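First comes the structure, then the notes that go with it.
Throughout, protein chains are lettered first and strands after them, A, B, ... in sequence-line order, and every chain is numbered starting at 1. As the structure is a computational prediction, the values presented were derived from the model and not from experiment.
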There are 2 protein chains.
Amino acid sequence: MRAEIIAVGTELLLGQTVNTNATYLSQGLAELGIDVYFQTVVGDNAARIRQAIELARTRADLIIFTGGLGPTQDDLTKDALADYLNRSIELHQPSMDKIEELFSSRGIHMVESNRRQAHLIEGSEPLMNDAGLAVGNALTEDGTHYVLLPGPPREMKVMFEGPAKAWIRSIMGEERKLFSRQLMFAGIGESSLEEALIDLIDAQTDPSIAPYAKDGEVAIRISTKALEQAEADSRLEATEQQIKSRVGKHLYAREDIPLEEAVIRLLRASKRTLASAESLTGGLFAQLLTQIPGSSGEFAGGVVTYTNMMKHKLLSIPMSQLEGTDAPGAVSESTAALMAERVREHADSDFGVSLTGVAGPAESEGKPVGLVYFGLAERGKPTRVFTAHLSGNRGIIRLRAAKSIMYRLWQALSGAEIE
Amino acid sequence: MRAEIIAVGTELLLGQTVNTNATYLSQGLAELGIDVYFQTVVGDNAARIRQAIELARTRADLIIFTGGLGPTQDDLTKDALADYLNRSIELHQPSMDKIEELFSSRGIHMVESNRRQAHLIEGSEPLMNDAGLAVGNALTEDGTHYVLLPGPPREMKVMFEGPAKAWIRSIMGEERKLFSRQLMFAGIGESSLEEALIDLIDAQTDPSIAPYAKDGEVAIRISTKALEQAEADSRLEATEQQIKSRVGKHLYAREDIPLEEAVIRLLRASKRTLASAESLTGGLFAQLLTQIPGSSGEFAGGVVTYTNMMKHKLLSIPMSQLEGTDAPGAVSESTAALMAERVREHADSDFGVSLTGVAGPAESEGKPVGLVYFGLAERGKPTRVFTAHLSGNRGIIRLRAAKSIMYRLWQALSGAEIE
């Protein structure tokens, strides 16, 4: 099956928005074993959207649109496709009810244009939007399949992974499908991981082995095409074992979850709890953990002690430790240890972690950008301190710092040896 | 002048690379006053590249290619265009000399395929590559202009900003260029903003008014074409005043910055400080503020009291306030007020804010998903509490909650009246 992705939105043509939707969908379609030959971007203009549809029909069996499903007069995708196919526009009552409910629950007047978000092309399947208001559409005519997804990436992803993928699988029928496993690694960079596996990757024919970097982690996807799961599994399993024998100690999950979710699961399984004291990451570490639903059972919370005064007040760290010519300073091994211990005591949790360092852009206390100390305190055990020299801009250093101590914590919880 | 951008590269169609080149070029062309009507992505395949060229010729005067200028057999852009135009391929000697020099200076044998990087389509202008090896090309035939740029963004940007822009300007002559202003709004949704301005937007001819949603904020871009800045400014100013007269109280910046940066600037200007106590947002509010370099002068830090025990221990909130049949509970107006007051006192800051609510997916304390209370404590003033009923999934509710209280804080700081 051949697909074409049409992203609709003048903001893309003005360069105000990066077309990450096309990237995400291309990846997702590749995983389904569907080839993408073209991606097109077209503005909020009915005539040009129609032109893009006419062309895509000649070269693709599956046309996926993103964008143009919103409430405004600029949102034209459904109208343009309905017009092209000589179909009318109908109202999808469940979506309309949801929209009306939302406005009334907020006590705001519903602007009439919001009805457009409940529009369905006549005879199409609704694709429910669990992250927003605009309902998606899916339909087939003359052997061409059309899928309409919203433009905001958060909504698009949820709809694609749920109802859209299910619909696409149903139209694919008996084609050989791509089966994949995803292995997630932490504490190792993409290039080191690739180096450790380079001969396997180079010799790969089937299954294929593809490493790629995620946000702070590295994933390896092993894939094979097969008619059914059992046939794929035997091939995938053999490849997975080869990979594990080399880099297994960095493998934290066999599904696509972030490292913090693996940490929460290990805490839950062992009935232990965690608290955090952050300086340079300013809440990012806590924020990553609390993204996981239900994490309040394992993550008690913590402090963001962005200034020395706050380290003193909230964690009772003596000012003499933090300031003065002979003081170790805020960015030091001993401060990291104290922060982890104090927050663990305050929270009465099993683990306490701390992060203190220099995120940049300027150095601090005469210490260089990228230098970070981490504390890991555990009830009844001696506190450990780790050091890292991280590179990248401010945002990347903050993320890498949060992921670094998350990895140490994962090691401590999974019983892996700490090097 | 109308342009089309053709990005060449199978890695884009597999979703391995994000097409940031198209975004960058679209911005650059918009600044030159050139309209981009389509962006196309095509793989490393001669027949499909040719098909993309044939189509683009029918709808653009200027076709800009990125990618496919490298040394490998997969790099086909020059060959495909030369073939389409019935032109031969020539060697650009200065580029060839540069390539040979590089290899000999490094003492490495030059692989023969590197000659391809010095190829020029017969009769085209070379565009020198100051950041890499592959020479760019520019040519005009039958009224259509073609510009070939390399794929790696670092090389593409340098070539576009230098020789390519100069060449494009030379073919444009005295055309008018686009001038824009960006206005940033908070505390109002995209559809309400549009409704307030709908007659202006509908009547827009020049300047144009385009609202679009960013992460938690809404932007309006007003644009006009003019020969020079002064001419543009008078028109842009008049439109800006019209917009301000209607929705000015939501306008927090006249440049593209997030709301938290506007808050940090106002705190800095008035020499005031802030601390936060977060429950449902789990560190997100602090994380947004600490993304801004230098924010430690204004943001002292705060606490993430994800559990009731932590609210009690870190903020000294009585357990009788939080738990028990008659207790207000963690998600309540009075807890929000206490959290904001206590964190302000602990940090000895001018402002203390708090966020407590239900992020979902499940309800909490019998309170519905999306219900959030915010506290805003200010030194020497009575504490205020705000309530919101937010919709969306867990991630969206958390983000909207953080932005909601950020907006209240911005109002308090900018002296805007609180409704």
Cut-off 4.5 Å, heavy atoms of chain A, and the answer for A30(B) is side chain

The interface call for R398(B) against chain A, heavy-atom contacts under 4.5 Å, is side chain

>> Could you check whether any side-chain N or O of K311(B) sits under 3.5 Å from a backbone N or O of I317(B), counting only pairs where one atom can act as donor and the other as acceptor?
In response: no

Any Lys/Arg nitrogen of E31(A) or R221(A) sitting under 4.0 Å from an Asp/Glu carboxylate oxygen of the other?
yes

| Got a sec: does the CD of E101(A) have more than 12 other heavy atoms crowding it under 6.0 Å? | no

So, the part of Q291(A) with a heavy atom under 4.5 Å from chain B: the answer is both

Okay, T72(A) and chain B: the region with an atom under 4.5 Å from a heavy atom over there is both

>> Once you measure the plane-to-plane angle for F285(B) and F299(B), does it fall in the parallel (<30°), tilted (30-60°) or perpendicular (>60°) bin?
In response: perpendicular

Most contact-rich option vs chain B, by heavy-atom pairs under 4.5 angstrom, among N19(A), L102(A), T20(A), is L102(A)

When the 4.5 angstrom heavy-atom criterion is applied to L13(A) and chain B, the contacting part is both

Greatest number of non-hydrogen atom pairs under 4.5 angstrom with chain A, of L390(B), T290(B), I5(B), falls to T290(B)

Bottom line for I292(A): the part with an atom under 4.5 Å from chain B's heavy atoms is backbone

For Y37(A), is the NZ or CZ atom of R59(A) found under 6.0 angstrom from the centre of its six-membered ring and inside 45 degrees of the ring axis?
no

Cut-off 4.5 Å, heavy atoms of chain B, and the answer for M309(A) is neither

*asked:* Donor-acceptor check, side chain of T273(B) to backbone of S349(B), threshold 3.5 angstrom: yes or no?
replied: no

query = Can any side-chain N or O of Q39(B) pair as donor or acceptor with the backbone N or O of L12(A) at less than 3.5 Å?
reply = yes

When the 4.5 angstrom heavy-atom criterion is applied to L55(B) and chain A, the contacting part is side chain

Applying a strict 4.5 Å limit to non-hydrogen atoms, the region of T40(A) in contact with chain B is both

If you tally heavy-atom pairs under 4.5 Å between each of S113(A), S295(A), A362(A), G132(A) and chain B, the highest tally belongs to S295(A)

Next item on the list: Taking the side chain as every heavy atom from C-beta outward, state whether I397(A) and L280(A) have any atom pair closer than 4.5 Å.
Entry: yes

One option among L288(B), I198(B), L284(B) has the most heavy-atom pairs under 4.5 Å with chain A, and it is L284(B)

Looking only at L289(B), L25(B), L314(B), most heavy-atom pairs under 4.5 Å shared with chain A are made by L314(B)

Answer key: most heavy-atom pairs under 4.5 Å with chain B among E4(A), Q16(A), Q73(A) is Q16(A)

**Asked** Distance-only, no hydrogens or angles: does the T356(A) side chain make a donor-acceptor pair with backbone N or O of A330(A) under 3.5 Å?
**Response** yes

So, the part of Q51(A) with a heavy atom under 4.5 Å from chain B: the answer is side chain

Under 4.5 Å to a heavy atom of chain B? For T17(A) that would be backbone

- Query: Just checking, is any N or O donor in the side chain of E161(A) or Y24(A) under 3.5 Å from an acceptor N or O on the other one?
  - Reply: yes

Exercise. Report yes or no: do T281(A) and E278(A) form a side-chain donor-acceptor pair below 3.5 Å?
Key: yes

Under 4.5 Å to a heavy atom of chain B? For D348(A) that would be both

